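As the structure lists them, so they are numbered: ligands from 1, and atoms in each ligand from 1. Since this is a predicted model, take the numbers as computed values, not measurements.
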Amino acid sequence: MKILVTGGLGYIGSHTAVELSKNYETVIVDNLINSDISVIDCVNKISSSKIFFEKGDLTDLNTVKKIFKKHSDIKGIIHFAALKSVKESILNPTNYFHNNVVSLFNLLSEIKSSNMVVDFIFSSSATVYGEPDNLPILETERIKKVTSPYGKTKQICEEILSDYCKSNNSYFNCISLRYFNPIGAHKSSEIGELPKGIPQNLVPYITQTVAGIRKELTVFGSDYKTYDGTCIRDYIHVQDLANAHISALDYLRENKVVKNEFFNIGTGVGTSVFEMIKSFENVTGQKVNYKIGARRPGDTTAAYSDNKKAKTILGWKSIFSVEDALLSAWNWEKKIRGIN
Ligand code: NAD
Ligand code: WQD
């Protein structure tokens with residue numbers, strides 16, 4: 001059974017493709033805007049069956065047509081391809097709306113015009129909740145206006161998918177997975193997160209600081225109303241996240257009327273920035289050089305998932321601890337920097 005993984009050379013897509021290759025024929029499409037071609041060889045080193053790669057930009061309708069023609073036996077699509085930097089999206093919103101929304105639009109219009117029967121999984125984000133009223137966050141939490149154009153693209157894509165499902169698409173089943181904070185790397189250290197330029201996320205900033213690439217980590221605010229003053233997030237090992245896609249795909253195959261169901265994918269446990277630093281130090285034996293700085297505009301105080309829906313309906317659960325994930329992130333950083 002053939003599955004198309006869009007954005008499959010990226011961070012989460014590459015880990016998911018490796019898991020998929022155990023039971024599915026896997027084809028990746030990626031335009032390499034935020035990934036490197038070398039990832040396909042790394043992925044194939046640890047995959048269970050050969051993973052195929054097509055270079056292409058999904059904002060180009062002809063590219064989508066060509067891929068669908070060549071792989072007319074696709075039975076499922078996992079749609080990771082998107083631009084994902086909150087900061088960049090504020091500076092260049094049109095780019096984000098164009099890339100993220102048009103890519104989805106092209107896939108959906110071609111699915112329809114070629115009468116494809118597919119199960120579809122969309123990479124959504126906990127960012128759609130904005131600053132939540134309730135913790136832990138349930139899928140039924142009121143969706144508020146988010147501040148970043150990136151977050152808006154996720155809200156818009158979720159709505160497009162819901163409307164698309166409501167229309168005449170009896171053959172189209174869909175799940176949107178709302179990821180919390182993916183961290184870590186594959187246990188083989190063959191694949192991991194490859195941020196371009198200065199990392200904006202906490203864990204790559206920590207690993208690059210300890211690797212000597214950054215002078216020090218700035219903790220963005222220690223005056224939040226939390227138990228230690230720093231923000232709280234739900235950090236999930238990328239391998240657990242990858243496996244959530246397999247559970248979602250299996251669920252879609254077994255349940256033929258799934259009209260864009262939303263699932264939180266997180267551990268259900270919140271960890272503060274200070275706790276992340278401490279855990280990293282404990283598990284790696286490395287000191288993290290850090291200072292306290294100002295709050296980062298747009299940060300929410302605390303966000304962690306209620307993941308019961310994914311547990312009960314998808315039969316998925318996270319296995320790895322934050323410590324496991326931090327150690328794998330450090331092993332990956334060491335490998336790519338040639339540190340012993
Ligand atoms: P990533 O940037 O590592 O991977 C995305 C991949 O998509 C890249 O390889 C990029 O080259 C490709 N791509 C982008 N636009 C494309 C296009 N138009 N055509 C073809 N390929 C294209 O990002 P990631 O962290 O792996 O995220 C994957 C998905 O998960 C994204 O949709 C992202 O918004 C979502 N998400 C990520 C996080 C996170 O913290 N990493 C959290 C929640 C949701
Ligand atoms: C985590 C915590 C920071 C860096 C972002 C996106 C979100 C989603 C995941 C895609 C926060 C603190 C961070 C640093 C710090 N992506 N921090 N110093 O903000 O929860 O979510 O990535 O959908 O849309 O907004 O994750 O890793 O950036 O930050 O103190 O140098 O670490 O303030 O409290 P975030 P993050």
Interatomic distance, [X] atom [atom1] to [Y] atom [atom2] [nearest 0.5 angstrom]:
{"X": "S272", "Y": "R233", "atom1": "OG", "atom2": "CZ", "result": "11.0 Å"}
{"X": "L177", "Y": "F80", "atom1": "CG", "atom2": "CZ", "result": "8.0 Å"}
{"X": "S123", "Y": "K154", "atom1": "OG", "atom2": "NZ", "result": "5.5 Å"}
{"X": "D306", "Y": "I137", "atom1": "CG", "atom2": "CD1", "result": "10.0 Å"}

What are the two closest non-hydrogen atoms of [X] and [Y], and how far apart are they?
{"X": "L326", "Y": "S279", "result": "CD1-CB, 3.6 Å"}
{"X": "G192", "Y": "A185", "result": "CA-CB, 3.8 Å"}
{"X": "N260", "Y": "I175", "result": "OD1-C, 3.9 Å"}
{"X": "Y235", "Y": "T271", "result": "CE1-O, 3.6 Å"}

Ligand 1 atoms in contact with [X] (distance to a heavy atom under 4.0 Å):
{"X": "P182", "value": "38 (C), 39 (C), 40 (O), 41 (N), 42 (C)"}
{"X": "S124", "value": "43 (C), 44 (C)"}
{"X": "I33", "value": "10 (C), 11 (O), 13 (N), 14 (C), 15 (N)"}
{"X": "S103", "value": "18 (N)"}
{"X": "S35", "value": "8 (C), 9 (O), 11 (O)"}
{"X": "G56", "value": "19 (N), 20 (C)"}
{"X": "L32", "value": "11 (O)"}
{"X": "A81", "value": "7 (O), 13 (N), 16 (C), 21 (N), 22 (C)"}

Which bit of [X] gets closer than 4.0 Å to ligand 1, counting heavy atoms only: side chain, backbone, both or neither?
{"X": "A126", "value": "neither"}
{"X": "K154", "value": "side chain"}
{"X": "N181", "value": "neither"}
{"X": "A82", "value": "both"}

Q: Over 60° means perpendicular and under 30° means parallel, so classify the ring planes of Y150 and Y96, tilted if in between.
A: perpendicular

Starting from [atom], what is the nearest protein heavy atom, named by residue and atom, and what distance separates them?
{"atom": "atom 19 (N) of ligand 1", "answer": "L58 N, 3.1 Å"}
{"atom": "atom 7 (O) of ligand 1", "answer": "G7 CA, 3.3 Å"}
{"atom": "atom 3 (O) of ligand 1", "answer": "Y11 N, 2.8 Å"}
{"atom": "atom 4 (O) of ligand 1", "answer": "G10 CA, 3.3 Å"}
{"atom": "atom 15 (N) of ligand 1", "answer": "N99 ND2, 3.1 Å"}
{"atom": "atom 8 (C) of ligand 1", "answer": "D30 OD2, 3.5 Å"}
{"atom": "atom 25 (O) of ligand 1", "answer": "K84 NZ, 2.8 Å"}
{"atom": "atom 26 (O) of ligand 1", "answer": "I12 N, 2.8 Å"}

(Q) Is the terminal nitrogen or CZ of K50 (NZ for Lys, CZ for Arg) located under 6.0 angstrom from the six-membered ring centre of F52 and within 45° of that ring's axis? (A) yes

Identify which of [options] has a heavy atom lying nearest to [atom].
{"atom": "atom 22 (C) of ligand 1", "options": "L9, L104, V29, N31", "value": "N31"}
{"atom": "atom 33 (C) of ligand 1", "options": "Y150, Y179, F122, Y96", "value": "Y150"}
{"atom": "atom 32 (O) of ligand 1", "options": "Y235, F180, F80", "value": "F80"}

Which protein N or O atoms sit under 3.5 Å from any N or O of ligand 2? Give each pair with its distance.
from: ligand 2; atom 1: 18 (N); to: T218; atom 2: O; distance (Å): 2.8
from: ligand 2; atom 1: 19 (O); to: R296; atom 2: NH2; distance (Å): 2.8
from: ligand 2; atom 1: 20 (O); to: N181; atom 2: ND2; distance (Å): 2.9
from: ligand 2; atom 1: 20 (O); to: R233; atom 2: NE; distance (Å): 2.5
from: ligand 2; atom 1: 22 (O); to: N201; atom 2: ND2; distance (Å): 3.0
from: ligand 2; atom 1: 23 (O); to: S125; atom 2: OG; distance (Å): 2.7
from: ligand 2; atom 1: 23 (O); to: Y150; atom 2: OH; distance (Å): 2.5
from: ligand 2; atom 1: 26 (O); to: N181; atom 2: ND2; distance (Å): 3.1
from: ligand 2; atom 1: 27 (O); to: N201; atom 2: ND2; distance (Å): 3.2
from: ligand 2; atom 1: 27 (O); to: L202; atom 2: N; distance (Å): 2.9
from: ligand 2; atom 1: 28 (O); to: Q200; atom 2: O; distance (Å): 3.3
from: ligand 2; atom 1: 28 (O); to: N201; atom 2: ND2; distance (Å): 3.1
from: ligand 2; atom 1: 28 (O); to: R296; atom 2: NH1; distance (Å): 3.4
from: ligand 2; atom 1: 28 (O); to: R296; atom 2: NH2; distance (Å): 2.9
from: ligand 2; atom 1: 29 (O); to: R296; atom 2: NH2; distance (Å): 3.4
from: ligand 2; atom 1: 30 (O); to: T218; atom 2: O; distance (Å): 3.4
from: ligand 2; atom 1: 30 (O); to: F220; atom 2: N; distance (Å): 2.9
from: ligand 2; atom 1: 33 (O); to: D299; atom 2: OD2; distance (Å): 2.5

Are the charged groups of [X] and [Y] less than 4.0 angstrom apart, N to O?
{"X": "K287", "Y": "E281", "answer": "yes"}
{"X": "E54", "Y": "K66", "answer": "no"}
{"X": "R295", "Y": "D223", "answer": "yes"}
{"X": "K309", "Y": "E139", "answer": "no"}

Q: Assert yes or no for the condition that the ring centre distance of F172 to Y164 is strictly below 6.0 Å.
A: yes

Q. Ring centres of H98 and F105 under 6.0 Å apart?
A. no

(Q) Does I12 form a side chain to side chain contact (heavy atoms under 4.5 Å, CB included) with Y179? I'd like the steps, not just the answer. (A) CA-CA 10 Å; I12 308 167; Y179 314 154; 3.7 Å; yes

Q.
Does any N or O of ligand 1 fall below 3.5 Å from an N or O anywhere on S125, backbone included?
A. no

(Q) Under the criterion side chain to side chain contact (heavy atoms under 4.5 Å, CB included), I'd like the reasoning laid out for D299 against Y224: C-alpha separation, chi angles, the key distance, then a yes or no. (A) CA-CA 10 Å; D299 268 347; Y224 284 95; 3.7 Å; yes

